Amino acid sequence: MGGRKLDNCLLWVLSCPQDKCKEIDEILAGFSASSDWFAQPALPSTYQLQTSFRTPSEVCADLASQLFKRGVICEIEGRGAEDERFLVHPRLGIHRQSIDSAGEQVIRFGQLQSFISQSQGNMAEFARLIRMAEGQAWLDVFEPLRLLPEGVRLLPKAV
């Protein structure tokens, strides 16, 4: 990769239709990433996987786009100069978050100023804007899918 700094890319496919697994395998093969699929207990006929690989930081965003186009529900973290997370869902779209070293989302001061201005003093509207920035709609959908085959539920990253 010719001197470019490589970041860690962590991928958790929470739900992939069986007929799309081979396409995802082909994408991941380009990164020499393993693709050991296991059944998604919460959604019959779908599969999940967890893998990681090293890649230039901008590739995580491209990967999110490719997986979105294939109807995959997934979470992608890019760990490098600027840590970020992509929450991908076929109906909700792609939600990008800046995250800290603990995996917790970072809301920037400029965003808060914008939320205050948009909410015009209405605390319910301010709370709604915060929930949107947090990607709460994605997290609500992802939570029931955070199961491993043994029935163990994984907690969100920053608890």
Side-chain angles (χ1 to χ4, degrees), residues 1-108 110-111 129-150 152-159:
M1 302 235 168
R4 293 169 72 182
K5 184 177 178 328
L6 298 179
D7 293 345
N8 284 324
C9 186
L10 311 168
L11 169 65
W12 186 359
V13 174
L14 292 158
S15 176
C16 179
Q18 184 175 7
D19 63 332
K20 299 291 182 180
C21 291
K22 185 173 170 128
E23 287 181 54
I24 305 309
D25 285 341
E26 291 170 3
I27 292 169
L28 294 176
F31 303 108
S32 299
S34 65
S35 56
D36 296 325
W37 295 96
F38 49 96
Q40 169 49 267
L43 289 174
S45 301
T46 68
Y47 293 85
Q48 60 176 311
L49 74 81
Q50 292 178 322
T51 191
S52 64
F53 48 91
R54 307 231 349 120
T55 186
S57 59
E58 65 274 5
V59 170
C60 289
D62 294 339
L63 180 59
S65 178
Q66 289 182 48
L67 296 176
F68 171 74
K69 290 174 186 173
R70 287 164 177 81
V72 172
I73 299 172
C74 66
E75 184 173 327
I76 304 169
E77 281 191 17
R79 295 299 188 141
E82 190 157 329
D83 296 346
E84 59 188 354
R85 177 182 304 125
F86 297 91
L87 305 174
V88 180
H89 188 278
R91 288 188 310 272
L92 296 173
I94 300 172
H95 181 74
R96 183 198 172 279
Q97 301 174 326
S98 294
I99 56 174
D100 63 17
S101 61
E104 189 170 340
Q105 182 183 357
V106 175
I107 296 180
R108 305 207 186 282
Q111 286 176 284
L129 292 169
I130 293 289
R131 283 192 311 278
M132 285 177 52
E134 290 174 329
Q136 193 60 53
W138 284 260
L139 298 174
D140 289 346
V141 171
F142 285 17
E143 192 56 35
L145 302 176
R146 293 181 190 275
L147 288 172
L148 296 176
E150 302 82 29
V152 175
R153 181 173 302 278
L154 296 181
L155 296 174
K157 294 199 180 348
V159 178

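Every value quoted in this text rests on a predicted model; they were computed, and no experiment measured them.
Looking at Cys9 and Ile76, their side chains come closer than 4.5 Å, going by heavy atoms from C-beta outward. Annotation: side chain of Ser32 is not in contact with side chain of Arg54 (no heavy-atom distance under 4.5 Å). Contact of the Trp12 side chain with the Arg146 side chain is registered, since non-hydrogen atoms from C-beta on lie closer than 4.5 Å. Two residues are said to be in side-chain contact when any heavy atoms from C-beta on lie closer than 4.5 Å; Leu63 and Phe86 fail this criterion.
We find that Arg131 and Glu134 are not joined by a salt bridge, their nearest charged nitrogen and carboxylate oxygen being 4.0 Å or further apart.
When all heavy atoms of Gly71 and Pro90 are compared, the pair lying nearest together is O-CG, 3.7 Å. Residue Glu75 comes nearest to Leu87 through the heavy atom pair CG-CD2, 3.8 Å, listed as atom of the first residue, atom of the second, then distance. Pairing each heavy atom of Gln97 with each of Gly135, the nearest pair is NE2-N, 4.2 Å. Taking both residues in full, the closest heavy atoms of Cys60 and Gly78 are given as SG-CA, 3.8 Å, listed atom of the first, atom of the second, then distance. The two atoms that bring Ala33 and Ser52 nearest to each other are CB-O, 4.4 Å, heavy atoms only. The minimum heavy-atom distance between Asp100 and Arg79, with the atom names listed, is O-NH1, 3.2 Å.
Among residues two or more places apart in sequence or in another chain, the side chain to side chain contact (heavy atoms under 4.5 Å, CB included) test is passed with Ser15 by Leu43, Thr46, Ile73, Leu145.
Using a distance-only test at 3.5 Å, with no hydrogens or angles considered, a donor-acceptor pair links the side chain of Thr51 to the main chain of Ser34. The closest donor-acceptor contact from the side chain of His95 to the backbone of Ala133 lies under 3.5 Å. Here the side chain of Arg96 pairs no donor or acceptor atom with the backbone of Glu84 at under 3.5 angstrom.
Distance check, rounded to the nearest 0.5 Å: SG of Cys21 to CG of Leu49 gives 8.0 Å. Between atom CG of residue Leu92 and atom CZ of residue Phe142 there is a gap of 8.0 Å, rounded to the nearest 0.5 Å. The CG atom of Leu11 lies 10.0 Å from the OG atom of Ser35; values are rounded to the nearest 0.5 Å. Here the OG1 atom belonging to Thr55 is positioned 5.0 Å from the CZ atom belonging to Phe31, to the nearest 0.5 angstrom.
Sparse packing is recorded around CD of Gln18, with 12 or fewer heavy atoms of other residues, nucleotides or ligands lying under 6.0 Å away.
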Requested in this report: List the steps, then state whether side chain to side chain contact (heavy atoms under 4.5 Å, CB included) holds for Trp37 with Ile24.
Outcome: CA-CA 10 Å; Trp37 295 96; Ile24 305 309; 3.7 Å; yes

Requested in this report: Report the C-alpha separation of Gln40 and Tyr47 in whole Å, then their side-chain angles, then the decisive distance to 0.1 Å, and conclude whether the side chain to side chain contact (heavy atoms under 4.5 Å, CB included) test is met.
Outcome: CA-CA 5 Å; Gln40 169 49 267; Tyr47 293 85; 5.8 Å; no

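Counting only N and O atoms by type, the side chains of Asp140 and Gln136 include a donor and acceptor under 3.5 Å apart.
Among Arg108, Arg85, Gln105, the one residue that satisfies the side chain to side chain contact (heavy atoms under 4.5 Å, CB included) test with Ser98 is Arg108.
Judged as a salt bridge (charged side-chain N to carboxylate O under 4.0 Å, His left out), the pairs with a partner in residues 22-38 (not counting sequence neighbours) are, in order, Lys20-Glu23, Glu23-Arg70.
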